[in-house]
Amino acid sequence: MFKAKEAVVPSGNDLLGKGAPVSRLTVAGAGAGAFSVVFSLSHVVGDGRTYYEVLKMLQPGAEPRALRTERKQSFSEDMRDVCGRKELEWADTCGTQCLYTCGMMFAPGKPKCFAFELDEEQLAAAKSAGKAGGRVAHVTNDVITSGFFTACKARIGMMGMDCRGRMEGIEDDMAGNYVTALTMDESTFGSPAAVREMLSSKPFKTTTMPLPSCFGWMCGNDSASFAMATNWSSFAGDIVQLEGCELQIHLPLKNPAYCVFDLVIPSAARPGKVGLLCWVVSTDERGAAQGAAPGLLRGRDPLPRQVAPPSRRERERRPAGEPAERAGGGTPRGALRRFFHSRC
């Protein structure tokens, strides 16, 4: 898909001076009686919220509306005051870039991509459990973020956050990039309640532990384990429904070349269903078993689907007659499968 220039807009510097469009909409046949719609928007001009605001205007009968494009120039500095200036400045330092570049270079394996659908009944039970004993109620993002970061044994977790409606002067109808990534440690992502508590007061206190350093990692005294969660499900709404058509799957596309760390993208898989697109390099069975909320996302079968077909080596390793969904019990796929679907 990312080699199909007619479907996906160029990224970054490839747009400069080329007169290329910053968005593309493609309708392509996908077999008898089926078709795919691909909408691509450059991150240079908009974030996930902007993307879905534009996409939802394609709904038949929807009224197109103008989004505000004038940039609020003070956003970057104001955002740091609210979202953790110390942590965000740490994330931008050369030492931190070196730390995570080296960590990704020496990752235990190549990233693998899998898609899941959450069990809505178990998810509802997980969220309502937060109300017990006077605790803060959980939301879907709290459960997924805490569970994924814990399963990946992340030293630092970066949680994407849309700042619209959370910061003064940043409104829902503003187009552009008004998102950030909260820099969290185990004290703030260790449980869904911890995530919710962190978000319940401003400025956000996103870490309580010392931030890792490249020197500490090189001396074996710290970890470079890094994971990210970016939630697209709330932006999508009812997605786009076409008369006489049934939506089979709505799936965010992520350029595989950029997926070199643990990443989860919750999204609206289809009406009424939340899906997870996961890229994993470090999750193992032990990490899944130590997840902060084991069993909360336990689902019925079907098991998660693998987005990409297994490699030749994986096929050769699989015992004869063993179905694909049972293979690789100790692999990231097996670990995530049990954590999100069948861990008790």
Side-chain angles (χ1 to χ4, degrees), residues 1-16 18-67 69 111-118 160 162 175-179 228-260 263-280 304-310:
M1 176 61 70
F2 285 92
K3 294 180 179 179
K5 295 182 179 179
E6 67 275 9
V8 179
V9 299
S11 59
N13 293 335
D14 292 336
L15 284 170
L16 295 177
K18 304 292 178 60
V22 296
S23 66
R24 290 182 184 272
L25 179 69
T26 304
V27 179
F35 63 94
S36 298
V37 177
V38 181
F39 179 50
S40 177
L41 177 72
S42 172
H43 215 325
V44 172
V45 297
D47 52 22
R49 179 65 171 267
T50 305
Y51 176 96
Y52 278 105
E53 290 298 323
V54 175
L55 179 62
K56 287 186 288 189
M57 294 184 202
L58 300 177
Q59 172 71 37
E63 183 177 348
R65 63 190 184 93
L67 300 176
T69 57
K112 295 184 178 181
C113 183
F114 308 102
F116 301 78
E117 275 191 358
L118 300 186
D162 179 22
N177 286 284
Y178 291 101
V179 295
M228 186 171 188
T230 174
N231 191 346
W232 292 19
S233 61
S234 60
F235 299 153
D238 295 328
I239 321 180
V240 176
Q241 300 294 309
L242 302 178
E243 185 177 354
C245 299
E246 178 184 2
L247 179 62
Q248 297 294 322
I249 186 68
H250 171 69
L251 194 64
L253 292 177
K254 178 71 176 176
N255 192 333
Y258 302 150
C259 297
V260 290
L263 169 68
V264 61
I265 307 176
S267 64
R270 47 197 175 94
K273 289 291 184 180
V274 176
L276 301 181
L277 183 66
C278 301
W279 293 87
V280 292
R305 291 175 314 227
Q306 189 174 357
V307 174

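Since the model is a prediction, treat every value here as computed from it, not as a measurement.
- The main-chain N or O of V9 is found under 3.5 Å from a side-chain atom of S40 such that the two form a donor-acceptor pair.
- Considering only residues two or more places apart in sequence or on other chains, W279 meets the side chain to side chain donor-acceptor pair (under 3.5 Å) condition with none of them.
- In terms of heavy-atom proximity, A175 sits nearest to L67 at CB-CB, 3.8 Å.
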* I would like to know whether V54 and S23 meet side chain to side chain contact (heavy atoms under 4.5 Å, CB included); could you show each step before the answer? => CA-CA 10 Å; V54 175; S23 66; over 6 Å; no
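- Under the ring pair (Phe, Tyr, Trp, His ring centres under 6.0 Å) criterion, F235 pairs with no residue at all, not counting sequence neighbours.
- A donor-acceptor pair under 3.5 Å is formed between the side chain of Y51 and the backbone N or O of F39.
- Between the T50 side chain and the G176 main chain, a donor and an acceptor come within less than 3.5 Å of each other.
- Here CG of D47 is found 5.0 Å from CG of N177. Values are rounded to the nearest 0.5 Å.
- Minimum interatomic distance between V38 and A7 (heavy atoms only, all atoms of both residues): CG1-O, 4.1 Å.
- Across every non-hydrogen atom of D162 and V179, the tightest pair is CA-CG1, 4.0 Å.
- Note: K18 NZ to N13 CG = 9.0 Å, rounded to the nearest 0.5 Å.
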* To do: Go through the steps for L251 and L277 under the test side chain to side chain contact (heavy atoms under 4.5 Å, CB included), then give the verdict.
  => CA-CA 8 Å; L251 194 64; L277 183 66; 4.2 Å; yes
Show the atom names and distances, to 0.1 Å, of all donor-acceptor pairs under 3.5 Å that link a side chain in residues 58-65 to residues at least two apart or in another chain.
residue, atom, partner, partner atom, Å
Q59, OE1, Q241, N, 2.6
Q59, NE2, Q241, O, 2.8
R65, NH2, E53, OE1, 2.5

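- Residues L15 and P21 share a closest heavy-atom pair of CD2-O, 3.7 Å.
- With contacts defined as side-chain heavy-atom distances shorter than 4.5 Å, the pair V240/L247 does not qualify.
- In this structure, CD1 on I265 lies 11.5 Å from OG on S233, to the nearest 0.5 angstrom.
- H250 and S267 get closest at one heavy-atom pair: O-OG, 4.1 Å.
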